[in-house]
Amino acid sequence: MRLTLLLYQLSAFLLYALFLIFLAAQAFPWTEDRYSFYLDRRKIGLWPSLATFCATWMSAASITGFTFWLSFGGYAAFTGSVYGWLLGLIFLPFAVRKLRSLRVLSLPEWLSQTYGDERLRKVAAITLVMAYTLYIVIQFRAFGTIVAHLLSIRITLASVVVYLFVLYTTFGGLPSVVRSDSLNLAIILGGVTLGAFWVLGSAGSPLHIHRELLRSSPELLSPFSGEPPLYLFAMLFTWAFGVASNPQYAIRIISAKSSRTAWKMLALAPFVVGWIYLCLTLFGLGSTLLFSAPPGVDTETGYVMLCTSVLPPLPAMLMLVAALAAAISTANSQLLLAACALCYDLGLGERNIPRDEPFREDRFLFRNRLMVALIATVALALSLLPLPGILALGRYSWAVVTLCFLLPLYFPCGRGELFLPLLGALGLHTFLVFFTALSPEYALFPALALEWITWKILARREALHAA
Amino acid sequence: MRPRSISFRIKMAVASLALLLILLLTSTVFYGEYRWTLENEVRRMKALGEASSQISEESLRTLLRRSFPFWDLHPSGEPLELPEEVLAVPLATRNGTLLTLRFHPSRMKGEILFQQRHVLVMSVIGLVLAMEVAIFTAYTLARPLHQLARACERIAKRKWHVLPLAPGAPREILLLQKAFNTMVEELQHWQQVQHQVFRMERLAALGQMVAGVSHEIRNPLASMRVHLDLLGESASTENGPSLKILDTELDRLNTLVAQLLTFARPGESVHGPVALEELFTWCGNIASVRLRKKRLRMVRELVSPSPRVLGSMPQLQQLLLNLVLNAIQASPPEGTITLGSSLEEKNCVLSVRDQGPGVPHHIAPRLFDPFVSGHKEGTGLGLSIAARIADLHGGSISWESSAEGTLFRVVLPICREDMTSEKETSS
């Protein structure tokens, strides 16, 4: 049995790795420029767009964190996670026209072009590099834990494996990321569906699971169990605003073939991510009846234990590979954006290259790949260090991304000076998180309010001045 | 059949080699482990066989369960249909019971696989890495070749450019890139030479035609001039304006014909020392009316002592006048035209700088060709005559242009006597 399980897991890993490698290799272009590297020439069709959008949406933290939270925290996981994520999705259609109207390659560039201030681009780019590097660390850790279990190896070695995977899939730019994301989404969908059906077969129908939970642990059915409601609401809105202003999704809107494709992608995405959440919910709740994790276990290990204890080898292996796919799809997307911010927005590479200079473009893209490797190496090093607060830093990074893009994208206060309000908000948030130990979710709201009020005042003053 | 790409071949070769190596290594490890475990088991079983007569059946069963997981115990009388490779060992216990021990190789293989799972895991990781390396290697090697092909396509479209040498590229690729860049430079040079030869041939043909036509036109024009002058004396006052127009137009035609003839046959060139100061003074006097008309200022920046060039005075006057007239036409009102001279090795450089809008891009490559002009009224002969005169003097003419103005530089050989005296002075 042990051997069968190991062979299953090894085969699954090998198959996944080979598929990923071959798919990503197909996207390595002979001729490329920054437009193809960052945006795949804005010609991504509906299905690939949908695949990459949804695969990027489902991070390893979402799959492992949400499932494990459900299994011990019940419906509070909905309030603190899923509702927020889906709420954020509602904002995105309003950004389609704005984002696509300018021929930009990155969200910081959009910011500077829309508000006519190059400093905004720099601040946003620095924030993105920091935020995504921290977030990639979380993906590396999740992947490392799961691969360590799958292959019975040390987490250090497993993290190096993920590093190689992520590096490899990012080297080809967005075309490569999109292709690998299609495979990743298929695996995520297959894994969670099989896992959910298996658990339903073992634990009974959803109604039966609900009744059993009502009988055995009714507190799990409360939407506010485990955490204070205020904190859960703060989390909900942090996720919602984070999703709405996350450059990962903005870049998928920009790179879609047309605005129509982008809208269709956003219209279909809730069905796909909804299905994944439904399956994870059934799996998470059903598994509480079948297995209880030992106390004090971390999320990734808890998820691995849940899968291997509740499911037979084949579905368990698929559920684990689904988490790997989620980690890869999020990490490579973020890595590409961070490299873009470093090279293109912060000007580490040549910005204005004429169209008929392919060799200068090559040099620029080579620099991009070096940056991809550098950021991935830093993230790998951080993931191997025993940093207990790294997960909180992940939430911090989500909040600072919100501060950079939420108001300019959805609630602009005129064309007035945005740089100082943004800088003030980022400063206040950092101060509250690091000097008053306020959680990043709580700190987001005063910082956001400060940004909005100061921007409004400056815009009004500018309008009066102009009049 | 479409030929396989180099990239595909590299990928296949590296991947197959990696797979082969991994299979070889893992099978060697597993086979070695299998042989060792088997021999060990047999040895242990022999020892057990020798000692079994002193052990009770119960103890024997417990011992087997704990320490001999690959063996099963069967009563001796039970018929066993065993394959050849399966060992069966008869045992007699202290109680006198006869038993047969049956060995299960598949169980042992499974256990070995599990115990050596790290070998399997590392093989899988190694295979994945090898695939990544194969793809990267293929990409790294094939990409410069694709770049080269792309560069060749661009050169076929006459877009000259050299390939940047990648510092980390393999030597062979660097050699190929260097060879390509040399070829591009040679091709560029060859194209320039070809262009010059083509231009000279064209100018020669044009000169012959222009000389013939101008000669034929000049005689009727002279006759027309005589008759117009005669008519002017007897014409009534009401025909005066028409005759005035005829007179102006006839002058224009004469000037054009004279220019065409100068372009075709610049005339006898009696070369001698020509003082630049004298040349510039003459030119300033001739152009003074036009300069005043446009309120232009002429500045002279002459090297001191003013050198003399070896050439024909009338031709050099024509050259300088053409450049100055061109500068006057290009300059905005109240601008400045700068005439200059300087020394460069054995040559003297005359320069004329204006503050005009610069040479239009569309005529830049053909600026010294006849009948090419940036002005509507221009004949397009002035600069081509200047270039031809510079050529006849063994010199050259060049230009630089920007939005702030245009600079023409004429390089002419310095008078030998002046050179000698200069050397003497310096020594």
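Worth knowing before you read on, the calculation uses all heavy atoms, side chains too, and leaves out hydrogens, waters and symmetry mates. A, B, ... follow the sequence lines: proteins, then strands. Residue 1 opens every chain. These numbers come from a predicted model, not from an experiment.
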If one checks every heavy atom of A:Phe366 against chain B at 4.5 Å, the contacting part turns out to be neither
The interface call for A:Leu20 against chain B, heavy-atom contacts under 4.5 Å, is neither
Residue from B:Leu120, B:Leu113, B:Ile135 scoring the most non-hydrogen pairs under 4.5 Å with chain A is B:Ile135
| task | Could you check A:Ser36 against A:Asp33 for side chain to side chain donor-acceptor pair (under 3.5 Å), going step by step and ending with a plain yes or no? | result | CA-CA 5 Å; A:Ser36 61; A:Asp33 54 21; 3.3 Å; yes
So salt bridge (Lys or Arg N to Asp or Glu O under 4.0 Å) across residues 113-126 of chain B, not counting sequence neighbours, yields none
For residues 161-182 of chain A, the salt bridge (Lys or Arg N to Asp or Glu O under 4.0 Å) pairs (sequence neighbours left out) are A:Asp181-A:Arg252
So, the part of A:Leu18 with a heavy atom under 4.5 Å from chain B: the answer is side chain
* CA sep, side-chain torsions, deciding dist, call: A:Tyr38, A:Arg34, side chain to side chain donor-acceptor pair (under 3.5 Å) -> CA-CA 6 Å; A:Tyr38 293 145; A:Arg34 64 192 63 193; over 6 Å; no
